[in-house]
Amino acid sequence: MAKPMQLRIVCPEECVYEGAVAYVAVPSTIGEFGILPRHASEICTIDGGHIRVSETKMGVVDHVFAVTDGYVQVANDEVIVLAERAIDTEKVDVDEVNARLAGFEDQLGNMAEGDARRAYLYNEIAWCKLLLAQ
């Protein structure tokens, strides 16, 4: 087996994941791309989506993380993902997310078209839908 890479998934509040990995797939703004050890150095933007992590070998997904837009840096067998939000999908409480989604949609339905708070609600609804799209 090739020497593993180090992966860190970092949000403003916490480091969501840190560890040795064999493979990681990242949702970049130009499409999903996979990263293996000895990958060329790169910095790119990521879209909201799911990061798939294989700790032992490619093809075996050990963790899936929902992430918002952000950046990924690959250099010297180290992958750093910076995102506003990220969570291991195994930690998602589907009932809680469905309840939050319904609440956000109700609030949105009761707001005037020009209300600036609609943008916040659109973002929250999109996050909830991403969490439910496991």
Side-chain angles (χ1 to χ4, degrees):
M1 181 170 100
K3 178 183 171 201
M5 306 175 293
Q6 289 297 326
L7 170 65
R8 283 190 294 158
I9 301 175
V10 183
C11 298
E13 296 85 22
E14 66 179 323
C15 180
V16 177
Y17 179 88
E18 185 167 8
V21 300
Y23 175 79
V24 60
V26 179
S28 80
T29 53
I30 58 171
E32 182 177 88
F33 77 98
I35 305 165
L36 288 164
R38 301 184 66 172
H39 192 285
S41 294
E42 185 171 350
I43 296 175
C44 67
T45 54
I46 58 173
D47 268 340
H50 293 96
I51 294 176
R52 294 188 326 269
V53 176
S54 299
E55 292 179 337
T56 56
K57 67 179 182 176
M58 186 175 163
V60 177
V61 178
D62 297 299
H63 298 281
V64 177
F65 294 90
V67 296
T68 57
D69 297 350
Y71 301 91
V72 62
Q73 175 186 1
V74 182
N76 302 319
D77 283 340
E78 183 176 30
V79 180
I80 301 171
V81 175
L82 302 173
E84 187 65 33
R85 289 180 169 177
I87 187 171
D88 189 330
T89 58
E90 287 186 4
K91 296 180 180 179
V92 173
D93 180 337
V94 173
D95 293 331
E96 178 186 330
V97 174
N98 275 320
R100 289 178 55 215
L101 177 60
F104 292 139
E105 288 173 339
D106 285 346
Q107 290 178 44
L108 189 62
N110 294 326
M111 280 187 185
E113 266 314 302
D115 194 323
R117 294 173 293 173
R118 293 178 73 84
Y120 166 78
L121 291 175
Y122 286 134
N123 286 337
E124 292 301 310
I125 289 169
W127 175 245
C128 288
K129 288 182 177 181
L130 179 63
L131 294 177
L132 295 173
Q134 301 176 40

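What you see is a predicted model, and the numbers here were worked out from it, not measured in a lab. The figures that follow rest on heavy atoms only: side chains count, while hydrogens, waters and symmetry mates do not.
- In terms of heavy atoms, Ala20 sits closest to Gln6 at N-OE1, 3.7 Å.
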Side-chain donor-acceptor pairs under 3.5 Å in residues 114-127, sequence neighbours left out?
unit_1	atom_1	unit_2	atom_2	d
Asp115	OD1	Arg117	N	2.9
Asp115	OD1	Arg117	NE	3.1
Asp115	OD2	Arg117	NE	3.3
Asp115	OD2	Arg117	NH2	2.6
Arg118	NH1	Leu108	O	3.3
Arg118	NH1	Met111	O	3.2
Arg118	NH2	Tyr122	OH	3.1
Glu124	OE1	Arg85	NH2	3.1
Glu124	OE2	Arg85	NH2	2.5

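- With Asp77 contributing its side chain and Arg38 its backbone, the two residues share a donor-acceptor pair below 3.5 Å.
- Residue Leu7 is tested with Ile80, Val81, Ile35 for a side chain to side chain contact (heavy atoms under 4.5 Å, CB included); the sole match is Val81.
- A side chain to side chain contact (heavy atoms under 4.5 Å, CB included) with Val10 is found for one member of Glu13, Glu14, Arg8 and no other, namely Arg8.
- Inter-residue side-chain proximity for Ile51 and Pro27 is flagged as met; some heavy-atom pair is nearer than 4.5 Å.
- What you find for Asp62 and Glu90 is that their closest heavy atoms are O-OE2, 4.3 Å.
- Nearest heavy-atom pair, Pro37 versus Ala22, reported as atom, atom and distance to 0.1 Å: CD-O, 3.3 Å.
- The shortest side-chain heavy-atom distance between Glu78 and Gln73 does not fall under the 4.5 Å cut-off.
- When every heavy atom of Ala86 is checked against every heavy atom of Ile9, the shortest pair comes out as CB-CG2, 3.9 Å.
- To the nearest 0.5 angstrom, Glu84 atom CD is 10.0 Å from Asp69 atom CG.
- A continuous path of Ile, Leu, Val, Met, Phe, Trp and Tyr side chains, each step under 4.5 Å between heavy atoms, connects Val16 with Val74, placing both in one hydrophobic cluster.
- A pairwise comparison of heavy atoms in Gly59 and Ser54 identifies N-OG, 4.1 Å as the closest pair.
- Residue pairs meeting the ring-ring contact (aromatic ring centres under 6.0 Å, His included) criterion with at least one member in residues 16-54, sequence neighbours excluded: Tyr17-His63, Tyr17-Phe65.
- When hydrophobic clusters are built by joining Ile, Leu, Val, Met, Phe, Trp and Tyr residues whose side-chain heavy atoms come closer than 4.5 Å, directly or via intermediates, Val60 is not grouped with Val24.
- In this structure the side chain of Val53 never reaches within 4.5 angstrom of the side chain of Val61, judged on heavy atoms.
- Around the CG atom of Asp106, the shell of radius 6.0 Å holds more than 12 heavy atoms that belong to other residues, nucleotides or ligands.
- Phe104 is connected to Val92 through a chain of hydrophobic side-chain contacts under 4.5 Å among Ile, Leu, Val, Met, Phe, Trp and Tyr, so both are in one cluster.
- A donor-acceptor contact shorter than 3.5 Å is absent between the side chain of Thr45 and the backbone of Thr29.
- Side-chain heavy atoms closer than 4.5 Å link hydrophobic residues (I, L, V, M, F, W, Y) into clusters, and following such links, even through other members, never connects Ile30 to Val26.
- Crowding of Glu105 atom CD: a count of heavy atoms from other residues, nucleotides or ligands under 6.0 Å exceeding 12.
- Across every non-hydrogen atom of Ala66 and Leu131, the tightest pair is CB-CD2, 3.7 Å.
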